[in-house]
There are 2 protein chains.
Amino acid sequence: MIFAPMRFRHNVLELLDQRKLPLQEKWLRCRNSKDVYWAIKNMVVRGAPAIGIVGGYGLYLGIARYRGSRKGFFGLLRKQAVYLKGARPTGVNLRNVIDEIVKGTGKSKDRNISILKRLVLRQAQAAHHLDEKLCRRMGAHGAKLLRSGDTVLTHCNAGGLATSGFGTALGVFYAAKGQGKKIAVFADETRPLLQGARLTAWELTKSKIPCTLICDNMAACMMKAGRIDAVIVGADRIAANGDTANKIGTYNLAVLARAHRIPFYIAAPVTTFDFSIRNGKGIPIEYRDPQEVTEGLGKRIAPRRVKVLNPAFDVTPHLLITSFITEAGVLKKPFRRSFLKLRKK
Amino acid sequence: MIFAPMRFRHNVLELLDQRKLPLQEKWLRCRNSKDVYWAIKNMVVRGAPAIGIVGGYGLYLGIARYRGSRKGFFGLLRKQAVYLKGARPTGVNLRNVIDEIVKGTGKSKDRNISILKRLVLRQAQAAHHLDEKLCRRMGAHGAKLLRSGDTVLTHCNAGGLATSGFGTALGVFYAAKGQGKKIAVFADETRPLLQGARLTAWELTKSKIPCTLICDNMAACMMKAGRIDAVIVGADRIAANGDTANKIGTYNLAVLARAHRIPFYIAAPVTTFDFSIRNGKGIPIEYRDPQEVTEGLGKRIAPRRVKVLNPAFDVTPHLLITSFITEAGVLKKPFRRSFLKLRKK
């Protein structure tokens, strides 16, 4: 139950091309930071934690061939950091990992460029390994919330493919299964890019977790029929008050879950929290190309002149969230108080 | 602003093939009731009022070549009626139109088979013309609910293509435009078969009504942003208490509209009411082929072994409906009382 979408070796970052799943399992090779920027922007790799990890390696690739002064090195490092952080604006992990590496490297007094480069790589690898640990811990905490026999609805793909390999929301299902619990999953297909149909259904089928695929607009009807016991989704950025940005359609599910009295959980590592932002209004929302809606499946589905809005994310107000599943435990209301222990770290 | 999807001449029923819109405008010719059954089942024509009209012509085509006794004629008429009503179970108009024609023909004492046949055709044509009148009256009533500058969200296609040509929900927009009001529309794409993207966007673009296409899971986010002033959708069957079956995703919108305090209207002719059914639980819901979800766009989007649910309709409880827009006026709460005047007709 590990679906690591990235591997780094011999100064090449290999990415499982998630645009081609589930029909093809192809790996794409990134040799410089431009390749990595392109891969993030075009969603070869997606999911906030995975983007963060890949961004770290991208930063290393951006400076790996540098020869010159220490000052020049740090100039390039900062330039590459700004460049890579611009690839996708909503998820906070990309920014966090890159800023941490720049900061950590700046602390070194070393003048040897090779040593500085190695320091960048080590930190990127550390962020990668950290995510593996966090996801497993998060899964163990989250699994306690589920009873054997539960059916859980999830949206988009917050699985192995969205992280270093174990997943956030799907990690909870993998952990529950590991504990011997029988969990069934309903997966929203997640328009426009169908990460639920393409990626979540693929991961769960491979993991032998019973999975039923539905269109996004069927969730309400399934909830009314009593077929959903809980909703668990991932997150791209969580503000200081608990407002959460995640894949478009998440807020929709949160409203529905509340109306049907179904618990609504966010599963996310502490790295997804952004305490510099007071509430959801401060989270930048990426709008993507209308063609993802009108031609995303290879065939045009709408008249040429029609206007299209394509926000990639929405913000769910903290009031609609039952609790947060993190590696530091399950955080309950009031969130301002339960978040305190994260801030202290 | 008339998009009549059917025309009948020289004993041939021509149907605009709605599966091919908006890329191609092709007409399909039906010469017997089998052709009509197939066209309804496979959604060449769709929308409860349009299916009713087409069913009427289908019934005529089913007996048009009959030669024999009066008794044999009525036997065939009833057999064809049962056959055609089975094409799609949820919408009530198909059943209503066909039952009315069988009943109306049964009243004739005539022994001349040609005259009886002509009687069937006349009633089918009458149902067709009646829908034209009803939709325009409905539009006029509904338009009063909208103010110039309003933006209205609609789901699926309750337009000309779903009726004799003027539409139910979209008829309200056409009528409002005719009254000089500026109305903008948000159209849900409406998975799995994308009637919003393919048909509603096409009709509205042709009618020069500003239209913005969104994915179904974006509606909540647009409501929260204050961009939606009202929701108007059509209906496939309305129970005696006001519970309404309509395209899957309608119930979703009704819950969201309530949560955001946005009025939620159903626009439907009185022929869509089924007073023989007490509440929504009695409405049969059609489940369609999973391939509509996994391969509906010409390309497979999910792993082969994944289970899929594909209900074509959902039921919105009357409590979530602000009012019904009908040709008999806008019916407000309490519905049991306001429905009385329909029953008396």
Side-chain angles (χ1 to χ4, degrees), chain A residues 21-23 155 186-192 194 196-198 201-202 204-206 210-222 224 247-256 258-260 290 293-294 296-311 313-315 317, chain B residues 21-23 155 186-192 194 196-198 201-202 204-206 210-222 224 247-256 258-260 290 293-294 296-311 313-315 317:
Chain A
L21 285 175
L23 302 180
H155 189 69
F186 270 63
D188 267 356
E189 64 171 5
T190 318
R191 282 281 288 155
L194 300 162
R198 297 190 301 103
W202 181 80
L204 293 174
T205 305
K206 285 214 168 194
C211 171
T212 302
L213 177 66
I214 56 171
C215 295
D216 300 326
N217 62 22
M218 297 172 187
C221 155
M222 297 300 157
K224 190 164 68 133
K247 178 56 56 198
I248 187 74
T250 301
Y251 169 58
N252 179 18
L253 289 185
V255 173
L256 297 178
R258 172 58 53 98
H260 294 88
V293 175
T294 57
L297 299 149
K299 193 173 146 185
R300 188 156 181 100
I301 57 154
R304 294 220 168 267
R305 283 162 304 165
V306 73
K307 189 181 157 195
V308 177
L309 283 178
N310 184 20
F313 303 93
D314 59 25
V315 174
Chain B
L21 287 175
L23 302 180
H155 189 68
F186 271 62
D188 267 355
E189 65 172 7
T190 318
R191 281 282 285 153
L194 300 162
R198 296 190 301 104
W202 181 80
L204 293 174
T205 305
K206 285 215 167 192
C211 172
T212 303
L213 177 65
I214 57 171
C215 296
D216 300 324
N217 62 22
M218 298 172 186
C221 156
M222 298 301 158
K224 189 163 69 132
K247 180 54 56 198
I248 187 74
T250 301
Y251 169 58
N252 180 19
L253 289 184
V255 173
L256 297 177
R258 172 59 54 96
H260 295 87
V293 175
T294 57
L297 299 148
K299 194 173 145 185
R300 187 156 182 101
I301 57 154
R304 294 220 169 265
R305 282 161 307 163
V306 73
K307 190 182 156 194
V308 177
L309 282 179
N310 184 18
F313 302 92
D314 58 24
V315 174

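So that the names make sense, note that chain A is the first sequence line, chain B the second, and so on, each numbered from 1.
Side-chain atoms of B/W202 and A/V306, non-hydrogen and from C-beta on, never get closer than 4.5 Å to each other. Side-chain atoms of B/C211 and A/R305, non-hydrogen and from C-beta on, never get closer than 4.5 Å to each other. Taking 4.5 Å as the limit, some side-chain heavy atom of B/N310 sits within range of a side-chain heavy atom of A/M218.
Highest contact tally toward chain B, considering only A/T205, A/D314, A/L309, A/D188, is held by A/L309 [criterion: heavy-atom pairs under 4.5 Å]. If you tally non-hydrogen atom pairs under 4.5 Å between each of A/T190, A/L256, A/L21, A/T250 and chain B, the highest count goes to A/L256.
Scored by the ring-ring contact (aromatic ring centres under 6.0 Å, His included) test, A/Y251 finds B/H260 as partners (sequence neighbours excluded). Remark: A/R191 pairs with B/E189 by the salt bridge (Lys or Arg N to Asp or Glu O under 4.0 Å) rule, at least two apart or across chains.
Using a 4.5 Å cut-off between heavy atoms, B/I301 touches chain A through backbone and side chain atoms alike. Interface residue A/A259: only side-chain heavy atoms are found under 4.5 Å from chain B.
Atom CD1 of B/I248 sits about 11.5 Å away from atom CG of A/D216, to the nearest 0.5 Å. How far CG of A/N217 is from CG of B/L253: 8.5 Å, rounded to the nearest 0.5 Å. Atoms CZ and OG1, from B/R198 and A/T294 in turn, are 14.5 Å apart once rounded to the nearest 0.5 Å.
Contact between B/P303 and A/P22 at its shortest, heavy atoms only, is N-CG, 3.7 Å.
Side chain of A/K299 to main chain of B/K299: no donor-acceptor pair is present (N/O by atom type, distance under 3.5 Å, no hydrogens or angles).
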- Query: Do A/L23 and B/R300 pass the side-chain contact (heavy atoms from CB on, under 4.5 Å) test, and can you show the C-alpha distance, the side-chain angles, and the key distance before you say yes or no?
  - Reply: CA-CA 8 Å; A/L23 302 180; B/R300 187 156 182 101; 4.2 Å; yes
- Message: For B/N252 and A/C221: C-alpha separation, side-chain torsions, deciding distance, then whether side-chain contact (heavy atoms from CB on, under 4.5 Å) applies.
- Response: CA-CA 7 Å; B/N252 180 19; A/C221 155; over 6 Å; no
